[in-house]
There are 4 protein chains.
Amino acid sequence: MEFNSNKSIYLQICDSICDRVLAGELKDQDRIQSVREFGAEIGVNPNTVARSYEKLTDDGIIYNKRGIGYFICDGAREQVLAEQRKEFLEVEWPAIKRKMELLGLSPDQLD
Amino acid sequence: MEFNSNKSIYLQICDSICDRVLAGELKDQDRIQSVREFGAEIGVNPNTVARSYEKLTDDGIIYNKRGIGYFICDGAREQVLAEQRKEFLEVEWPAIKRKMELLGLSPDQLD
Amino acid sequence: MEFNSNKSIYLQICDSICDRVLAGELKDQDRIQSVREFGAEIGVNPNTVARSYEKLTDDGIIYNKRGIGYFICDGAREQVLAEQRKEFLEVEWPAIKRKMELLGLSPDQLD
Amino acid sequence: MEFNSNKSIYLQICDSICDRVLAGELKDQDRIQSVREFGAEIGVNPNTVARSYEKLTDDGIIYNKRGIGYFICDGAREQVLAEQRKEFLEVEWPAIKRKMELLGLSPDQLD
DNA sequence: GTGGTCTAGACCACC
DNA sequence: GTGGTCTAGACCACA
């Protein structure tokens, strides 16, 4: 995990958790590490991890049991999948295609 | 010119100039607008435009003639092209491929 | 800190930091003052200090930890040394030699 | 003559004329080109050349015969020599020595 | 006219 | 608290 990129740390943490959900590493009702544990593990301020968990909670990916910890919501994988697909197809892919055209690259050459 | 709020204005100005170079609108030795002109035209502070020009100068896309203005470097188009291709192929495309895999999308479906 | 009026302040700040790195005062991973602290200390606008830090970052002398501050890069001393030696040997020294010739001075007389 | 350096053009012109005086190319009472001729030759605005001539006149290196042109002063070479030697010995050389020390270079290695 | 630099002050995201 | 960005306005050297 690289934190010197131009993306904010808390968003990178969100991404990494979403990726693990998508990959099936984290399943419904799995508990994720506490903000303190996770922060210590990756060398990040617990406040920052907390902010990530807050965002994921807002997005309905994880939920909090008070005093116990954070857990993956039921159907989280499907939700992440749907959300990211929509984002990808409607926003990212068109931009990528436009850029590849400008650069004179075709998708065929790349795969 | 419309500004996307999640990217800094000065970088968007750089991008727009690079795009115009790529598209062939700006050719070697063409003069670009003064920081004041351009700033007034797009409703941005001249200092912000100056910051863009400074970056483009560092990148070897434009150069300054003292007291006269900024001009497109010889070979700017090739350089922008090479730079952006490298960036795309080495950084962006791998990330895109990874993401598409995670999302269960294949390039074939998209074109 | 005293500023020489025929060189811009932000470059003099860069120089002073490089000098401190060369002298071993600032070592790898040392944190340098925040732009506000340093600005207040030397009586300069924080923006000006920020500009210096930005340049040093581009030069790979320091790096930024988001929300924390600026730190000396590993190997910064060696890099500054190599860079300045190269500049001196390839650009400055030949000019000095030429000038001494024109002035009829020889290095032997001077040391 | 390269004008993209960080030194102002009019000062570079002064330097080049002083160098030619030092080298003996320009002798007492030689006429130098008109601002227009010289400007056209080196691709510089005549105003800029005029500014150089003005400075050299102030410095007593050249003088103006109204309607005729600019000429090298008697004893110009000696004067330039004395002036530059003083500047070099008192200001530049000490700075150079200091820098070489910092960079771990000795004059002996360089000649 | 051109750009280069600096200041002051503001707002923001982030840690 | 940190830096990042932007604005407004100023002064300067230079062409």
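Throughout, a chain's letter reflects where its sequence line sits, starting with A, and its residues are numbered from 1. FYI, side chains are in, hydrogens and waters are out, and symmetry mates aren't considered; it's all heavy atoms of this structure.
- Nucleic acid contact class of D:Asn47 (heavy atoms, under 4.0 Å, all strands): none.
- Atom C1' of nucleotide E:dC15 and atom OH of C:Tyr70 are separated by 15 Å, given to the nearest angstrom.
- Side-chain contact between B:Leu102 and A:Asp19: present, with at least one pair of heavy atoms (C-beta onward) separated by less than 4.5 Å.
- B:Val35 is listed as a side-chain neighbour of B:Tyr53, based on a closest heavy-atom distance under 4.5 Å.
- Taking only side-chain nitrogens and oxygens, A:Ser8 never comes nearer than 4.0 Å to OP1 or OP2 of E:dA13.
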Pairing annotation in dot-bracket form, given for DNA chain E with Watson-Crick or G-U pairs under 3.5 Å and | for cross-strand partners
||||||||||||||.
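- Counting only heavy atoms from C-beta outward, the side chains of C:Arg98 and C:Trp93 never approach each other to under 4.5 Å.
- Between F:dA15, E:dG3, E:dC15, one nucleotide has an atom nearer to the side chain of B:Ser34 than all others, and that is E:dG3.
- The distance from atom CD1 of B:Ile62 to atom C1' of E:dT2 is 14 Å, rounded to the nearest whole Å.
- Regarding B:Asn64, its CG atom lies at a distance of 10 Å from the P atom of E:dT5, rounded to whole Å.
- A side-chain donor-acceptor contact under 3.5 Å links C:Asp74 and C:Gln29.
- Taking only side-chain nitrogens and oxygens, C:Thr48 never comes nearer than 4.0 Å to OP1 or OP2 of E:dT5.
- The distance between atom NZ of B:Lys7 and atom C1' of E:dA13, rounded to the nearest whole Å, is 18 Å.
- In this structure, B:Ile32 atom CD1 and E:dT2 atom P are separated by 13 Å, rounded to whole Å.
- Taking 4.0 angstrom as the limit, B:Arg36 places a side-chain polar atom (N or O) nearer than this to OP1 or OP2 of E:dT2.
- Note: CG (B:Asn45) to C1' (E:dA8) measures 13 Å, nearest angstrom.
- In this structure, A:Val44 reaches neither bases nor backbone, as no heavy-atom distance under 4.0 Å exists between it and the strands shown.
- Each of B:Gly43 and C:Gly67 was assigned the nucleotide of DNA chain F with the nearest heavy atom; the assignment lying further toward the 5' end belongs to C:Gly67.
- Counting heavy atoms from C-beta on, the side chains of C:Glu54 and C:Thr57 never come closer than 4.5 Å.
- Summarising the geometry, the separation between CD on B:Gln33 and P on E:dG3 is reported as 10 Å, rounded to the nearest angstrom.
- Contact annotation: C:Arg66 does not reach the phosphate of F:dT2 (side-chain N/O to OP1 or OP2, under 4.0 Å).
- Two residues are said to be in side-chain contact when any heavy atoms from C-beta on lie closer than 4.5 Å; A:Lys27 and A:Arg77 fail this criterion.
- Side-chain nitrogen and oxygen atoms of D:Tyr10 include at least one within less than 4.0 Å of the OP1 or OP2 phosphate oxygen of F:dC14.
- Taking atom NZ on D:Lys55 and atom P on F:dC14, their separation rounds to 11 Å, with Å as the unit.
- Taking the side chain as every heavy atom from C-beta outward, A:Gln84 and B:Lys99 approach each other to under 4.5 Å.
- Cation-pi check for D:Lys55 over D:Tyr10 is not met; the charged atom does not lie both under 6.0 angstrom from the ring centroid and within 45 degrees of its normal.
- Side-chain nitrogen and oxygen atoms of A:Arg51 include none within less than 4.0 Å of the OP1 or OP2 phosphate oxygen of E:dC15.
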